[in-house]
Protein chains: 2
Amino acid sequence: MENQQIKRAGLKVTAPRVKILGILEKSRKRHLSAEDVYKQLLSQDEEVGLATVYRVLTQFESAGLVCRRNFEGGQSVFELNSGDHHDHLVCVKCGKVVEFVDTLIEERQSQIAADKGFRIQDHSLVIYGVCPGCQSQD
Amino acid sequence: MENQQIKRAGLKVTAPRVKILGILEKSRKRHLSAEDVYKQLLSQDEEVGLATVYRVLTQFESAGLVCRRNFEGGQSVFELNSGDHHDHLVCVKCGKVVEFVDTLIEERQSQIAADKGFRIQDHSLVIYGVCPGCQSQD
DNA sequence: GAAAACGTGAGAATCTTTCGCATTGTTTTG
DNA sequence: CAAAACAATGCGAAAGATTCTCACGTTTTC
(Lines give C-alpha, C1' and ligand atoms only; values in the text may rest on other atoms or scores of the structure.)
Protein backbone atom coordinates (compact mmCIF):
# COMPACT_ATOMS: atom_id res chain seq x y z
CA MET A 1 0.00 0.00 0.00
CA GLU A 2 0.92 3.67 -0.33
CA ASN A 3 2.33 4.12 3.13
CA GLN A 4 5.04 1.64 2.31
CA GLN A 5 6.16 3.68 -0.66
CA ILE A 6 6.44 6.76 1.50
CA LYS A 7 8.42 4.93 4.13
CA ARG A 8 10.70 3.38 1.58
CA ALA A 9 11.45 6.89 0.39
CA GLY A 10 12.75 7.70 3.86
CA LEU A 11 9.87 10.03 4.59
CA LYS A 12 7.52 9.97 7.50
CA VAL A 13 3.98 8.89 6.83
CA THR A 14 1.91 12.01 7.37
CA ALA A 15 -1.58 12.99 6.34
CA PRO A 16 -0.55 15.43 3.59
CA ARG A 17 1.79 12.89 2.00
CA VAL A 18 -0.72 10.08 2.03
CA LYS A 19 -3.45 12.34 0.64
CA ILE A 20 -1.27 13.71 -2.12
CA LEU A 21 -0.15 10.27 -3.18
CA GLY A 22 -3.77 9.15 -3.21
CA ILE A 23 -4.78 12.06 -5.41
CA LEU A 24 -2.02 11.30 -7.88
CA GLU A 25 -3.09 7.68 -8.02
CA LYS A 26 -6.61 8.66 -8.84
CA SER A 27 -5.52 10.91 -11.67
CA ARG A 28 -3.39 8.82 -13.93
CA LYS A 29 -5.34 10.01 -16.96
CA ARG A 30 -4.64 13.65 -16.44
CA HIS A 31 -1.41 14.84 -14.95
CA LEU A 32 -1.81 17.40 -12.24
CA SER A 33 -0.08 20.65 -11.43
CA ALA A 34 0.74 21.47 -7.83
CA GLU A 35 -2.16 23.88 -7.91
CA ASP A 36 -4.52 21.13 -9.11
CA VAL A 37 -3.45 18.87 -6.26
CA TYR A 38 -3.92 21.72 -3.82
CA LYS A 39 -7.44 22.41 -5.08
CA GLN A 40 -8.39 18.77 -4.72
CA LEU A 41 -7.14 18.78 -1.16
CA LEU A 42 -9.22 21.85 -0.39
CA SER A 43 -12.31 20.26 -1.87
CA GLN A 44 -11.70 17.31 0.45
CA ASP A 45 -11.57 19.73 3.36
CA GLU A 46 -7.95 18.98 4.01
CA GLU A 47 -5.93 21.63 5.78
CA VAL A 48 -2.85 21.59 3.62
CA GLY A 49 -0.89 24.59 2.48
CA LEU A 50 0.20 25.07 -1.10
CA ALA A 51 3.80 25.24 0.09
CA THR A 52 3.45 21.77 1.53
CA VAL A 53 2.09 20.46 -1.74
CA TYR A 54 5.15 21.76 -3.55
CA ARG A 55 7.44 20.43 -0.85
CA VAL A 56 5.89 16.99 -0.88
CA LEU A 57 5.85 16.77 -4.65
CA THR A 58 9.49 17.74 -4.79
CA GLN A 59 10.36 15.16 -2.16
CA PHE A 60 8.43 12.50 -4.02
CA GLU A 61 10.30 13.46 -7.13
CA SER A 62 13.68 13.12 -5.44
CA ALA A 63 12.57 9.79 -4.07
CA GLY A 64 11.62 8.66 -7.54
CA LEU A 65 7.97 8.28 -6.64
CA VAL A 66 6.73 10.86 -9.10
CA CYS A 67 8.02 12.54 -12.23
CA ARG A 68 7.84 16.23 -12.91
CA ARG A 69 7.08 17.17 -16.50
CA ASN A 70 7.60 20.54 -18.12
CA PHE A 71 4.94 20.54 -20.76
CA GLU A 72 4.00 23.78 -22.43
CA GLY A 73 2.43 26.44 -20.28
CA GLY A 74 3.85 27.99 -17.18
CA GLN A 75 3.50 25.24 -14.65
CA SER A 76 4.99 21.80 -14.19
CA VAL A 77 2.76 18.78 -13.92
CA PHE A 78 3.35 15.69 -11.89
CA GLU A 79 2.58 12.05 -12.49
CA LEU A 80 3.14 8.89 -10.55
CA ASN A 81 6.31 7.15 -11.58
CA SER A 82 5.22 3.79 -12.86
CA GLY A 83 8.77 2.55 -13.10
CA ASP A 84 8.98 2.11 -16.82
CA HIS A 85 10.08 5.01 -18.88
CA HIS A 86 7.34 6.24 -21.14
CA ASP A 87 6.48 9.15 -23.34
CA HIS A 88 3.39 11.30 -23.68
CA LEU A 89 0.64 12.27 -26.01
CA VAL A 90 -1.08 15.35 -24.61
CA CYS A 91 -4.38 16.78 -25.75
CA VAL A 92 -3.99 20.51 -26.22
CA LYS A 93 -7.70 21.04 -25.62
CA CYS A 94 -8.63 19.04 -22.56
CA GLY A 95 -5.23 18.19 -21.12
CA LYS A 96 -5.80 14.48 -21.32
CA VAL A 97 -2.62 12.46 -21.29
CA VAL A 98 -1.97 9.15 -23.00
CA GLU A 99 1.25 7.36 -22.21
CA PHE A 100 3.10 5.14 -24.59
CA VAL A 101 6.33 3.29 -24.94
CA ASP A 102 7.95 2.65 -28.26
CA THR A 103 11.03 0.51 -28.29
CA LEU A 104 11.93 1.55 -31.78
CA ILE A 105 12.02 5.22 -30.81
CA GLU A 106 14.00 4.45 -27.67
CA GLU A 107 16.56 2.59 -29.74
CA ARG A 108 16.88 5.35 -32.28
CA GLN A 109 17.43 7.82 -29.48
CA SER A 110 20.29 5.81 -27.99
CA GLN A 111 21.70 5.51 -31.47
CA ILE A 112 21.51 9.25 -32.08
CA ALA A 113 23.08 10.10 -28.72
CA ALA A 114 25.88 7.63 -29.42
CA ASP A 115 26.46 9.11 -32.87
CA LYS A 116 26.89 12.56 -31.41
CA GLY A 117 29.12 11.29 -28.61
CA PHE A 118 26.63 12.13 -25.86
CA ARG A 119 26.34 10.00 -22.75
CA ILE A 120 22.56 9.84 -22.48
CA GLN A 121 20.90 10.56 -19.13
CA ASP A 122 17.26 11.04 -19.81
CA HIS A 123 14.85 12.05 -22.49
CA SER A 124 11.45 13.55 -22.95
CA LEU A 125 9.14 13.09 -25.87
CA VAL A 126 5.80 14.83 -25.94
CA ILE A 127 3.40 14.76 -28.84
CA TYR A 128 0.78 17.52 -28.73
CA GLY A 129 -2.48 16.99 -30.52
CA VAL A 130 -6.24 16.82 -30.23
CA CYS A 131 -7.69 13.71 -28.66
CA PRO A 132 -10.61 11.78 -30.17
CA GLY A 133 -13.09 13.19 -27.66
CA CYS A 134 -12.16 16.80 -28.40
CA GLN A 135 -12.14 16.26 -32.16
CA SER A 136 -15.81 15.41 -32.13
CA GLN A 137 -16.59 18.65 -30.35
CA ASP A 138 -15.33 20.81 -33.21
CA MET B 1 19.26 40.21 -44.50
CA GLU B 2 17.65 40.29 -41.08
CA ASN B 3 15.68 43.46 -41.55
CA GLN B 4 13.68 41.80 -44.26
CA GLN B 5 12.65 39.01 -41.93
CA ILE B 6 11.44 41.53 -39.41
CA LYS B 7 9.49 43.46 -42.01
CA ARG B 8 7.98 40.32 -43.42
CA ALA B 9 6.73 39.58 -39.94
CA GLY B 10 4.80 42.85 -40.06
CA LEU B 11 7.01 44.48 -37.45
CA LYS B 12 8.89 47.71 -37.63
CA VAL B 13 12.60 47.53 -37.92
CA THR B 14 13.93 48.86 -34.65
CA ALA B 15 17.28 48.64 -32.93
CA PRO B 16 16.18 46.15 -30.24
CA ARG B 17 14.69 43.80 -32.79
CA VAL B 18 17.68 43.83 -35.06
CA LYS B 19 20.05 43.33 -32.15
CA ILE B 20 18.07 40.48 -30.67
CA LEU B 21 17.82 38.70 -33.98
CA GLY B 22 21.56 39.13 -34.41
CA ILE B 23 22.27 37.66 -31.00
CA LEU B 24 20.10 34.64 -31.74
CA GLU B 25 21.89 34.10 -35.01
CA LYS B 26 25.23 34.09 -33.29
CA SER B 27 24.11 31.55 -30.75
CA ARG B 28 22.82 28.62 -32.69
CA LYS B 29 24.91 26.25 -30.64
CA ARG B 30 23.41 27.20 -27.32
CA HIS B 31 19.83 28.26 -27.01
CA LEU B 32 19.31 31.39 -25.00
CA SER B 33 16.85 32.40 -22.34
CA ALA B 34 15.36 35.88 -22.41
CA GLU B 35 17.69 36.73 -19.55
CA ASP B 36 20.69 35.53 -21.55
CA VAL B 37 19.72 37.72 -24.47
CA TYR B 38 19.23 40.64 -22.14
CA LYS B 39 22.68 40.18 -20.62
CA GLN B 40 24.29 40.10 -24.02
CA LEU B 41 22.55 43.32 -24.93
CA LEU B 42 23.81 44.95 -21.77
CA SER B 43 27.35 43.81 -22.46
CA GLN B 44 27.04 45.46 -25.86
CA ASP B 45 25.99 48.67 -24.11
CA GLU B 46 22.54 48.51 -25.60
CA GLU B 47 19.78 50.32 -23.77
CA VAL B 48 17.12 47.64 -23.89
CA GLY B 49 14.75 46.69 -21.14
CA LEU B 50 14.13 43.11 -20.16
CA ALA B 51 10.44 43.60 -20.87
CA THR B 52 11.29 44.48 -24.44
CA VAL B 53 13.35 41.36 -24.80
CA TYR B 54 10.40 39.26 -23.74
CA ARG B 55 8.05 41.22 -25.93
CA VAL B 56 10.25 40.91 -28.98
CA LEU B 57 10.91 37.23 -28.46
CA THR B 58 7.20 36.59 -28.13
CA GLN B 59 6.50 38.55 -31.28
CA PHE B 60 9.19 36.67 -33.14
CA GLU B 61 7.64 33.48 -31.94
CA SER B 62 4.19 34.45 -33.20
CA ALA B 63 5.75 35.43 -36.48
CA GLY B 64 7.41 32.05 -36.72
CA LEU B 65 10.89 33.51 -36.62
CA VAL B 66 11.91 31.79 -33.43
CA CYS B 67 10.79 28.79 -31.40
CA ARG B 68 10.31 28.80 -27.67
CA ARG B 69 11.36 25.61 -25.89
CA ASN B 70 10.46 24.49 -22.40
CA PHE B 71 13.46 22.46 -21.42
CA GLU B 72 14.00 21.59 -17.79
CA GLY B 73 14.58 24.41 -15.39
CA GLY B 74 12.43 27.41 -14.78
CA GLN B 75 12.96 29.44 -17.89
CA SER B 76 12.11 29.00 -21.54
CA VAL B 77 14.84 29.16 -24.13
CA PHE B 78 14.60 30.48 -27.64
CA GLU B 79 16.17 29.44 -30.88
CA LEU B 80 16.00 30.70 -34.40
CA ASN B 81 13.44 28.83 -36.43
CA SER B 82 15.34 27.19 -39.21
CA GLY B 83 12.17 26.07 -40.91
CA ASP B 84 12.60 22.36 -40.61
CA HIS B 85 11.26 20.65 -37.57
CA HIS B 86 14.02 19.16 -35.51
CA ASP B 87 14.65 17.68 -32.11
CA HIS B 88 17.30 18.33 -29.48
CA LEU B 89 20.13 16.78 -27.64
CA VAL B 90 20.98 19.01 -24.67
CA CYS B 91 24.10 18.78 -22.53
CA VAL B 92 23.06 18.91 -18.89
CA LYS B 93 26.44 20.30 -17.91
CA CYS B 94 27.25 23.09 -20.34
CA GLY B 95 23.90 23.64 -21.99
CA LYS B 96 25.20 22.92 -25.45
CA VAL B 97 22.51 21.99 -27.92
CA VAL B 98 22.78 19.64 -30.86
CA GLU B 99 19.90 19.45 -33.24
CA PHE B 100 18.91 16.42 -35.18
CA VAL B 101 16.18 15.12 -37.41
CA ASP B 102 15.26 11.50 -37.58
CA THR B 103 12.70 10.47 -40.12
CA LEU B 104 12.19 7.11 -38.53
CA ILE B 105 11.24 8.69 -35.20
CA GLU B 106 8.97 11.21 -36.93
CA GLU B 107 7.17 8.40 -38.69
CA ARG B 108 6.73 6.38 -35.54
CA GLN B 109 5.27 9.42 -33.84
CA SER B 110 2.66 9.92 -36.53
CA GLN B 111 1.89 6.26 -36.32
CA ILE B 112 1.45 6.37 -32.56
CA ALA B 113 -0.75 9.45 -32.69
CA ALA B 114 -2.88 7.78 -35.35
CA ASP B 115 -3.17 4.61 -33.28
CA LYS B 116 -4.50 6.56 -30.33
CA GLY B 117 -6.83 8.60 -32.50
CA PHE B 118 -5.04 11.89 -31.89
CA ARG B 119 -4.81 14.57 -34.54
CA ILE B 120 -1.19 15.55 -34.16
CA GLN B 121 -0.25 19.21 -33.89
CA ASP B 122 3.29 19.36 -32.70
CA HIS B 123 5.85 17.40 -30.79
CA SER B 124 8.92 17.89 -28.72
CA LEU B 125 11.72 15.43 -28.21
CA VAL B 126 14.64 16.30 -25.99
CA ILE B 127 17.43 13.94 -25.07
CA TYR B 128 19.41 15.02 -22.01
CA GLY B 129 22.97 13.84 -21.62
CA VAL B 130 26.59 14.82 -21.25
CA CYS B 131 28.36 16.08 -24.33
CA PRO B 132 31.79 14.86 -25.44
CA GLY B 133 33.52 17.99 -24.18
CA CYS B 134 32.02 17.75 -20.70
CA GLN B 135 32.70 14.02 -20.45
CA SER B 136 36.42 14.60 -20.64
CA GLN B 137 36.23 17.05 -17.78
CA ASP B 138 35.03 14.47 -15.25
C1' DG C 1 8.24 11.26 28.45
C1' DA C 2 11.94 14.75 27.34
C1' DA C 3 14.99 15.80 23.74
C1' DA C 4 16.06 15.74 19.09
C1' DA C 5 14.63 15.52 14.56
C1' DC C 6 11.29 16.08 11.29
C1' DG C 7 7.00 18.14 9.18
C1' DT C 8 3.66 21.80 8.64
C1' DG C 9 0.93 26.24 7.56
C1' DA C 10 1.13 30.93 6.60
C1' DG C 11 3.04 34.45 4.61
C1' DA C 12 7.15 36.59 2.80
C1' DA C 13 10.47 36.27 -0.75
C1' DT C 14 12.21 35.01 -5.34
C1' DC C 15 12.14 34.26 -10.05
C1' DT C 16 10.22 34.47 -14.57
C1' DT C 17 7.18 36.71 -17.40
C1' DT C 18 3.69 40.16 -18.56
C1' DC C 19 1.28 44.64 -18.22
C1' DG C 20 0.31 49.78 -18.09
C1' DC C 21 1.57 53.93 -19.51
C1' DA C 22 4.10 58.02 -20.58
C1' DT C 23 7.65 58.83 -23.91
C1' DT C 24 10.22 58.03 -28.07
C1' DG C 25 10.97 56.19 -32.70
C1' DT C 26 9.41 54.54 -37.34
C1' DT C 27 6.72 54.75 -41.36
C1' DT C 28 3.54 57.08 -44.19
C1' DT C 29 1.57 60.90 -46.48
C1' DG C 30 1.45 64.95 -48.87
C1' DC D 1 11.33 66.27 -45.50
C1' DA D 2 7.89 67.71 -41.92
C1' DA D 3 3.89 66.27 -39.70
C1' DA D 4 0.52 62.97 -38.74
C1' DA D 5 -0.45 58.37 -37.40
C1' DC D 6 0.60 54.84 -34.92
C1' DA D 7 3.87 51.28 -33.32
C1' DA D 8 7.65 50.32 -30.04
C1' DT D 9 10.27 51.18 -25.90
C1' DG D 10 11.72 51.57 -20.98
C1' DC D 11 10.48 51.61 -16.60
C1' DG D 12 8.32 50.12 -12.67
C1' DA D 13 4.45 47.63 -11.07
C1' DA D 14 1.93 43.30 -11.26
C1' DA D 15 1.02 38.51 -11.89
C1' DG D 16 1.90 33.64 -11.60
C1' DA D 17 4.69 29.77 -10.08
C1' DT D 18 7.71 28.11 -6.83
C1' DT D 19 10.68 28.25 -2.79
C1' DC D 20 12.07 29.92 1.69
C1' DT D 21 11.59 31.29 6.64
C1' DC D 22 10.11 30.53 10.90
C1' DA D 23 7.30 29.55 14.78
C1' DC D 24 4.70 25.81 16.10
C1' DG D 25 3.10 20.89 16.04
C1' DT D 26 4.25 15.67 15.66
C1' DT D 27 7.04 11.69 15.64
C1' DT D 28 10.93 9.15 16.91
C1' DT D 29 14.63 7.94 19.96
C1' DC D 30 16.41 6.39 24.22
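Residue numbering restarts at 1 for every chain, and letters A, B, ... go by the order of the sequence lines. Since the model is a prediction, treat every value here as computed from it, not as a measurement.
Residue S76(A) is in sugar-phosphate contact alone, with no base atom involved, counting any heavy-atom pair closer than 4.0 Å across all strands shown. Within the 4.0 angstrom heavy-atom criterion, base atoms lie near T52(B). At a threshold of 4.0 angstrom between heavy atoms, the contacts of L50(B) include nucleobase atoms, whether or not backbone atoms are also involved.
Rounded to an integer number of Å, the gap from CG of L57(A) to P of dG7(C) is 15 Å. Regarding R55(B), its CZ atom lies at a distance of 12 Å from the C1' atom of dT17(C), rounded to whole Å. The interatomic distance linking E46(B) (CD) with dT9(D) (P) rounds to 12 Å, in whole Å. Rounded to whole Å, the distance from NZ on K12(B) to C1' on dT9(D) is 12 Å. Rounded to a whole Å, the OH atom of Y54(B) is 16 Å from the C1' atom of dG10(D). Nucleotide dT18(C) holds its P atom 9 Å from the CD atom of E61(B), rounded to whole Å. Between N70(B) atom CG and dA17(D) atom C1' there is a gap of 14 Å when expressed in whole angstrom units. Regarding E72(A), its CD atom lies at a distance of 17 Å from the C1' atom of dA17(D), rounded to whole Å.
Heavy atoms only, all atoms of each residue included: V53(A) and A34(A) are closest at CG1-O, 3.6 Å.
Ring geometry for H123(B) against H85(B) counts as tilted: the plane angle lies between 30° and 60°, on a 0 to 90° scale.
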Margin query: Applying side-chain hydrogen bond (donor to acceptor under 3.5 Å, both in side chains) to H86(B) and E79(B), what does each step give before you reach the verdict?
Written below: CA-CA 11 Å; H86(B) 57 251; E79(B) 73 167 308; 3.1 Å; yes
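The side chain of V48(A) lies closest to dG9(C), out of dA8(D), dT27(C), dG9(C). Distance from the side chain of R17(A) is smallest to dT8(C) among dA10(C), dT8(C), dA8(D). Listed nucleotides: dT18(C), dT27(C), dT18(D). Nearest to the side chain of A51(B): dT18(C).
Sequence order on DNA chain C of the closest nucleotides to S33(B) and V13(B) puts S33(B) first from the 5' end.
Counting only N and O atoms by type, the side chains of R55(B) and T52(B) include a donor and acceptor under 3.5 Å apart.
The ring of H88(A) has its center closer than 6.0 angstrom to the ring center of F71(A).
Residue T14(A) places at least one side-chain N or O under 4.0 Å from the OP1 or OP2 atom of dT8(C).
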